[in-house]
Structures are given as C-alpha cells and as structure tokens.
Asker: 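Would you mind keeping the following structure in view while I ask a few things?
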Amino acid sequence: MARRYIVNDATVEKLGELLQQNPWGTLSYRDELYGLLTSLDKQGQEGSRAFYLQAYDGNQGYTFDRIQRGTVHVPRVCLAMLGGIQPGRIQEYVRGTVAGGSADDGLLQRFGLTVWPDTAGDFVHVDQWPDTPAKQAAWAVFERLASLAPASETDAHVWRFDAAAQGLFVEWLVPFETEMGSYTVMYSRPNRLARPMYVLPSFIRA
C-alpha cells in the first residue's frame, strides 16, 4: 500500500482509517482553514475537535467505535496541519482565546508557526525564475525525512540532543519557564507560550 503523505478534506473517522494505514503520520493541507475551524465549532463536533487536539503530540492512541464502521484503533494519532486563513477570520478565534472562552482549549495554540501578511509599502514587480538550487535543497530534505524508518513496527526512533544542543536548549528554557511562572503575563499567554517548549525541539530535530 502506497504511503499517504497529504490529506485535503476528510472526516475524522476517515482520518482515523488513513492514520491506521499510515501509523507514522500524515499532513492535512487546507488552502482555507476557516472552513475546518468553523466546522469544529458546530454543536456535535466536540469529538472531532478533541481528535485534532490529540493529534498534535503524535504519541497517543485513539479508538473510534461506530455502528457502521465498527471499531478502528489508531496506535498513534500523528497529524500535521498546514493551510491559510484570512487575517480577519482569525481575529475572532484570537479574541475568544484571549477571553478564556470556549475557543481557549489549546487548538489555536497548536498552530505553532504562523506568518502574518505584512505589507511592504510600494508595489515591486518581480519576474524571475524560481531559485532552483533552493528548491532542490528543500526537496532533498523532504526525501531524507520521508526515508527515515522507525525503530520497529511499533516503536519510533528517540532523537536526543547532543551536549552542545542540550546546553543551548537549557539556556533558552530557563528564562522561558521564568516568564511562564510570572503573574504579570496575561491569562491567555501561558497556554500560547507553552507550545514553543514542544515546537522548538521539533524544529531543531528536523
């Protein structure tokens, strides 16, 4: 069976089947994330929202019990998310998170790398061939990551920092944890700031 790298539009039940067939994870790509977020806000979708929340760490199992599909057990729910959203659309989710409402369940904070569309001022027309060496270098990274094999059928490789990397991580971690424990940070910040503690090692590992 061919490995499935990208999923565009699937129910969480179908995602469960795909992840069962691809136990080391896949990518959910949505050109417009607003549709997914609003669907997860609807009444009766609490289970789907919980599924996406649990998929962040990639090391926890999940079991679906459905009358028609039967029982589907996913040993590791590992799902990456990539997509775009209009700035105006994201504001309501940010406001809900800051206010500590129902949106403050950690879903928004799991989008650890976001890019805001800064305006550059004057328009500059660019008409040039894409950077081929950069494209080839990026593709080589994708191929290297795709070729990584797990330690076994059931166990993943455990990647650890060397002494130098561990020292840099601790140098960053101590002031970070100090700020996390400060009573001066606003209510929503600890939830938002806690994510880099997991995201940063992932970027370094990659």
Side-chain angles (χ1 to χ4, degrees), residues 2-60 62 64 74 76-99 101-120 126 130-131 134-135 137-146 148 188-189 191-206:
R3 183 176 176 182
R4 186 69 177 269
Y5 290 98
I6 300 176
V7 176
N8 295 118
D9 184 13
T11 63
V12 293
E13 290 82 7
K14 185 59 181 181
L15 276 176
E17 292 184 356
L18 292 171
L19 291 174
Q20 191 180 47
Q21 300 164 6
N22 299 269
W24 302 109
T26 189
L27 168 70
S28 178
Y29 174 73
R30 296 289 190 102
D31 183 59
E32 181 52 68
L33 289 171
Y34 184 71
L36 173 64
L37 293 174
T38 53
S39 69
L40 295 177
D41 285 342
K42 295 179 180 178
Q43 186 175 1
Q45 292 299 311
E46 295 83 1
S48 298
R49 195 176 182 95
F51 179 85
Y52 278 97
L53 287 167
Q54 190 163 325
Y56 179 81
D57 291 327
N59 59 359
Q60 301 181 56
Y62 200 97
F64 294 95
V74 184
R76 287 171 301 276
V77 183
C78 182
L79 187 68
M81 180 70 70
L82 178 65
I85 189 170
Q86 297 175 6
R89 298 292 192 182
I90 198 63
Q91 289 180 1
E92 59 186 276
Y93 287 92
V94 174
R95 284 195 295 266
T97 300
V98 171
S102 60
D104 189 20
D105 59 358
L107 181 62
L108 182 62
Q109 291 88 342
R110 280 164 168 76
F111 289 90
L113 180 62
T114 57
V115 179
W116 187 264
D118 294 325
T119 57
V126 177
D131 190 337
K135 180 180 179 180
W139 188 257
V141 172
F142 300 152
E143 290 184 325
R144 179 174 62 85
L145 294 175
L148 292 177
S188 66
R189 290 189 71 192
N191 238 355
R192 176 175 58 83
L193 290 173
R195 290 298 156 192
M197 186 165 58
Y198 304 99
V199 175
L200 181 62
S202 299
F203 286 154
I204 296 174
R205 182 175 68 243

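We number each residue from 1, following the sequence as shown. This is a predicted model, so every value here is computed, not measured.
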Asker: Indicate the atoms forming the closest heavy-atom contact of Ala10 with Leu15, along with that distance.
Answerer: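 Of all heavy-atom pairs spanning Ala10 and Leu15, the closest is CB-CG, 4.1 Å.
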Asker: Could you grab the distance from atom CD of Glu13 to atom CG of Leu18, nearest 0.5 Å is fine?
Answerer: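 One gets 12.0 Å once the value is rounded to the nearest 0.5 Å.
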Asker: Rounded to the nearest 0.5 Å, how far apart are OG of Ser28 and CG of Asn8?
Answerer: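 Result: 7.5 Å between the selected atoms.
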Asker: Just by modelled atom types, is the Ala146 backbone N or O under 3.5 Å from a matching donor or acceptor in the Arg3 side chain?
Answerer: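 Pair found, side chain donor or acceptor close to backbone of Ala146.
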Asker: Going from SG on Cys78 to OH on Tyr56, what distance comes out if it is rounded to the nearest 0.5 angstrom?
Answerer: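 It comes to 11.5 Å.
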Asker: Inspect the contact between Glu46 and Arg49 and indicate whether a charged nitrogen and a carboxylate oxygen are less than 4.0 angstrom apart.
Answerer: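 No, no charged N to carboxylate O under 4.0 Å.
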Asker: Short question: side chain of Ser48, backbone of Val12 - any donor-acceptor pair under 3.5 Å?
Answerer: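 Not confirmed, Ser48 side chain does not pair with Val12 backbone.
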Asker: Other residues, nucleotides and ligands only: do more than 12 of their heavy atoms fall within 6.0 Å of CG on Asp31?
Answerer: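 Incorrect, the count does not exceed 12.
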Asker: Measure up the Phe64 and Phe51 rings against each other and bin them: parallel (under 30°), tilted (30 to 60°), perpendicular (over 60°).
Answerer: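 The arrangement is tilted - the two ring planes meet at 30° to 60°.
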Asker: For side chain to side chain contact (heavy atoms under 4.5 Å, CB included), just list the numbers for Leu36 and Tyr52, CA-CA rounded to whole Å, side-chain angles, deciding distance to a tenth of an Å, and then say yes or no.
Answerer: CA-CA 11 Å; Leu36 173 64; Tyr52 278 97; 3.8 Å; yes
Asker: Apply side chain to side chain contact (heavy atoms under 4.5 Å, CB included) to residues Leu33 and Met81 and explain how you reach the verdict.
Answerer: CA-CA 9 Å; Leu33 289 171; Met81 180 70 70; 3.9 Å; yes
Asker: Is the backbone N or O of Leu82 less than 3.5 Å from a side-chain atom of Arg30, with the two atoms forming a donor-acceptor pair by type?
Answerer: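 Between the backbone of Leu82 and the side chain of Arg30 there is no qualifying donor-acceptor contact (under 3.5 Å).
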Asker: When rounded to the nearest 0.5 angstrom, what distance separates CG in Asp9 from NZ in Lys14?
Answerer: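 Between Asp9 CG and Lys14 NZ, I get 12.5 Å after rounding to 0.5 Å.
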Asker: Locate the shortest heavy-atom distance separating Glu32 from Gln86; write the atom from each residue and the value.
Answerer: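 Distance-wise, the nearest heavy atoms are OE2-N, 4.1 Å.
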Asker: What's the spacing between Gln20 CD and Arg76 CZ if we round to 0.5 Å?
Answerer: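 With rounding to 0.5 Å, CD (Gln20) is 11.5 Å from CZ (Arg76).
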Asker: For residues Leu79 and Thr26, determine if any side-chain heavy atom of one lies less than 4.5 Å from a side-chain heavy atom of the other.
Answerer: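 A side-chain contact exists here, since the closest heavy-atom pair is under 4.5 Å.
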